[in-house]
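The structure appears below as structure tokens.
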Amino acid sequence: MQDLTFGIEIETIKQTRQTVAKAIQKVVGGTVQHEGLGYDAWTVKDSKGRTWRVVMDASLNADREHQAEIVSPILKAEDIAEMQEVVRAVRAAGAKVDTSCGIHIHIGADRFNPQAVTNLVKMVNKQEELIYAALAVAPSRKAAYAKPVDANFLRKIETRKPARMDDLNVAWYGQLNRNPVHYDSSRYHGLNLHNIWYRGTIEFRLFNGTLHAGKIKAYIQFCLALASKAITSRSAQSEKRSFNTATAKYDFRVFLLSLGMIGDEYETARHHLLANFAGQSAWKNTRRAAA
């Protein structure tokens, strides 16, 4: 998990891109520049030579001037604390979120072979109802921008057992497509594999907008843990588990522990990822918990 790379996109409103960029600079150092062009981007070249971008996003519920999507450089687990400070600085500068805002997390795909990708798809499909409930994915977001795993795609990879990335590509697009365009319609899934071939990442589009640094850390750690488990597992099961409201908190905690999110390092992540469930996380049987 420590060796994987990630990037994050955080959508905000109520503050200008210039102000958001200057807030980022206060944390990461370096210089701020107005790049302009199609996304009217402001860039921060930080003290480590990495580039942070703040770009316009027309999908946000704000006027053009106050649409600000933060696009991080390539980061690693050791950079999460600094990422949290960036979030806090942006929030302090007056940026806000609403229901039009979301968070996308990208995991570098260079460590993924066809088996690892297949494992990840199966793992997400199996736990999908729990994952969507834990993250409180809004029905509108689920229907349009973060769709569940496509049943037809899952059937293809289970029956054909892709041995090459090109085989996965054909299963995903319906034909070999080595040069996909940015806004290919297949991208709008909670687990987006389109980006494997577009920019070399696996994208998770499941997260509601927030500027809570603890929640964002939890989301990043969750994606890194899922990716790590998929890479290191020899196989995975895809059959959807039944969703039981009474035991969902316990069930999801067990899933998090199975991903390696154990101990003090992940205590805050477990807290945030379990917060949307009622009930008991320590016992599956609530009567036993009360005994």
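Side chains included, hydrogens not; waters and symmetry mates left out as well; all remaining heavy atoms used.
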Close side-chain approach of [X] and [Y], heavy atoms under 4.5 Å:
| X | Y | answer |
| --- | --- | --- |
| Leu130 | Phe243 | yes |
| Ile80 | Ile216 | no |
| Lys161 | Thr118 | no |
| Val28 | Ser47 | no |
| Leu273 | Met261 | yes |
| Phe255 | Asp251 | no |
| Lys240 | Asn125 | yes |
| Glu128 | Arg241 | no |

Indicate yes or no for a side-chain donor-acceptor contact from [X] to the backbone of [Y] under 3.5 Å, with no hydrogens or angles considered.
| X | Y | result |
| --- | --- | --- |
| Thr16 | Thr19 | yes |
| Asn119 | Ser233 | yes |
| Arg141 | Lys147 | no |
| Asn192 | Ile202 | no |
| Asp167 | Pro162 | no |
| Asp79 | Glu82 | no |
| Lys229 | Ser258 | yes |
| Ser228 | Ala225 | no |

Nearest heavy atoms of [X] and [Y], plus distance in Å:
| X | Y | answer |
| --- | --- | --- |
| Ala134 | Phe252 | CB-CE2, 3.6 Å |
| Gly38 | Met56 | O-CE, 3.8 Å |
| Tyr132 | Ala146 | OH-O, 2.7 Å |
| Leu4 | Ala227 | CD1-CB, 3.8 Å |

**Asked** Could you go step by step and tell me if Leu168 and Trp197 meet the side-chain contact (heavy atoms from CB on, under 4.5 Å) rule?
**Response** CA-CA 10 Å; Leu168 270 173; Trp197 298 283; 4.0 Å; yes

Is [X] atom [atom1] crowded by more than 12 heavy atoms from other residues, nucleotides or ligands, each under 6.0 Å away?
| X | atom1 | value |
| --- | --- | --- |
| Lys215 | NZ | no |
| Lys156 | NZ | yes |
| Ile74 | CD1 | no |

**Message:** side chain to side chain donor-acceptor pair (under 3.5 Å) for Gln67 and Asp63? Distances and angles first, verdict last.
**Reply:** CA-CA 7 Å; Gln67 298 167 356; Asp63 62 86; over 6 Å; no

Would you give the length of the straight line joining atom [atom1] of [X] to atom [atom2] of [Y], rounded to the nearest 0.5 angstrom?
| X | Y | atom1 | atom2 | value |
| --- | --- | --- | --- | --- |
| Leu274 | Lys249 | CG | NZ | 6.0 Å |
| Leu224 | Leu259 | CG | CG | 11.5 Å |
| Ile231 | Leu120 | CD1 | CG | 8.5 Å |
| Ile196 | Asp110 | CD1 | CG | 11.5 Å |
| Asn169 | Arg178 | CG | CZ | 7.5 Å |
| Phe222 | Phe204 | CZ | CZ | 7.5 Å |

**Asked** Pairs in or reaching into residues 24-35: which pass side-chain hydrogen bond (donor to acceptor under 3.5 Å, both in side chains), with residues at least two apart or in two chains?
**Response** His34-Asp40, Glu35-Arg53

**Aromatic contact, His194 with His189 (centres under 6.0 Å)** = no

**Message:** Between Arg187 and Asp184, does any NZ, NE, NH1 or NH2 come within less than 4.0 Å of an OD or OE carboxylate oxygen?
**Reply:** no

**Item:** Modelled atom types, side-chain donor and acceptor of Trp172 and Ser186, under 3.5 Å
**Value:** yes

**Request:** Would you sort out whether Asp46 and Trp52 count as a side chain to side chain donor-acceptor pair (under 3.5 Å), showing the intermediate values?
**Result:** CA-CA 7 Å; Asp46 72 16; Trp52 302 71; 3.0 Å; yes

**Message:** Using the ring pair (Phe, Tyr, Trp, His ring centres under 6.0 Å) criterion, which residues pair with His66? Sequence neighbours excluded.
**Reply:** none

**Message:** Taking ring pair (Phe, Tyr, Trp, His ring centres under 6.0 Å) as the definition, give me every residue that meets it alongside Phe207, ordered by chain and number, with sequence neighbours left out.
**Reply:** Tyr219

Side-chain atoms of residues 98-109: list all donor-acceptor pairs with protein atoms under 3.5 Å, sequence neighbours left out, distances to 0.1 Å.
{"from": "Asp98", "atom 1": "OD1", "to": "Ser100", "atom 2": "N", "distance (Å)": "2.9"}
{"from": "Asp98", "atom 1": "OD1", "to": "Ser100", "atom 2": "OG", "distance (Å)": "2.6"}
{"from": "Asp98", "atom 1": "OD2", "to": "Asn61", "atom 2": "ND2", "distance (Å)": "3.4"}
{"from": "Ser100", "atom 1": "OG", "to": "Asn61", "atom 2": "N", "distance (Å)": "2.9"}
{"from": "His104", "atom 1": "ND1", "to": "Glu9", "atom 2": "OE1", "distance (Å)": "3.2"}
{"from": "His104", "atom 1": "ND1", "to": "Glu203", "atom 2": "OE2", "distance (Å)": "3.2"}
{"from": "His106", "atom 1": "ND1", "to": "Asn195", "atom 2": "ND2", "distance (Å)": "3.3"}
{"from": "His106", "atom 1": "ND1", "to": "Thr201", "atom 2": "OG1", "distance (Å)": "2.9"}
{"from": "His106", "atom 1": "NE2", "to": "Glu9", "atom 2": "OE2", "distance (Å)": "3.0"}

**Prompt:** Does Val170 belong to the same Ile/Leu/Val/Met/Phe/Trp/Tyr cluster as Val121, with side-chain heavy atoms less than 4.5 Å apart forming each link?
**Reply:** no

Could you give the side-chain donor-acceptor pairs of residues 88-97 under 3.5 Å, partners two or more places apart or in another chain?
{"from": "Arg88", "atom 1": "NH1", "to": "Glu85", "atom 2": "OE2", "distance (Å)": "2.6"}
{"from": "Arg91", "atom 1": "NH1", "to": "Leu211", "atom 2": "O", "distance (Å)": "2.6"}

**Request:** Verify side-chain contact (heavy atoms from CB on, under 4.5 Å) between Lys122 and Leu154, making sure each step is shown before the conclusion.
**Result:** CA-CA 8 Å; Lys122 290 181 176 181; Leu154 177 62; 4.3 Å; yes

**Asked** Who else is in Val71's hydrophobic cluster (ILVMFWY, side-chain heavy atoms under 4.5 Å, direct or via others)?
**Response** Tyr39, Val55, Tyr145, Tyr183, Tyr188

**Request:** Please report the C-alpha distance between Ile10 and Thr12 in whole Å, then the side-chain angles of each, then the deciding distance to 0.1 Å, and finally whether the side-chain contact (heavy atoms from CB on, under 4.5 Å) criterion is met.
**Result:** CA-CA 7 Å; Ile10 304 173; Thr12 73; 4.2 Å; yes

**Request:** Output, in order, the C-alpha distance, side-chain angles, deciding distance and verdict of side-chain contact (heavy atoms from CB on, under 4.5 Å) for Phe277 and Tyr250.
**Result:** CA-CA 9 Å; Phe277 294 117; Tyr250 172 85; over 6 Å; no

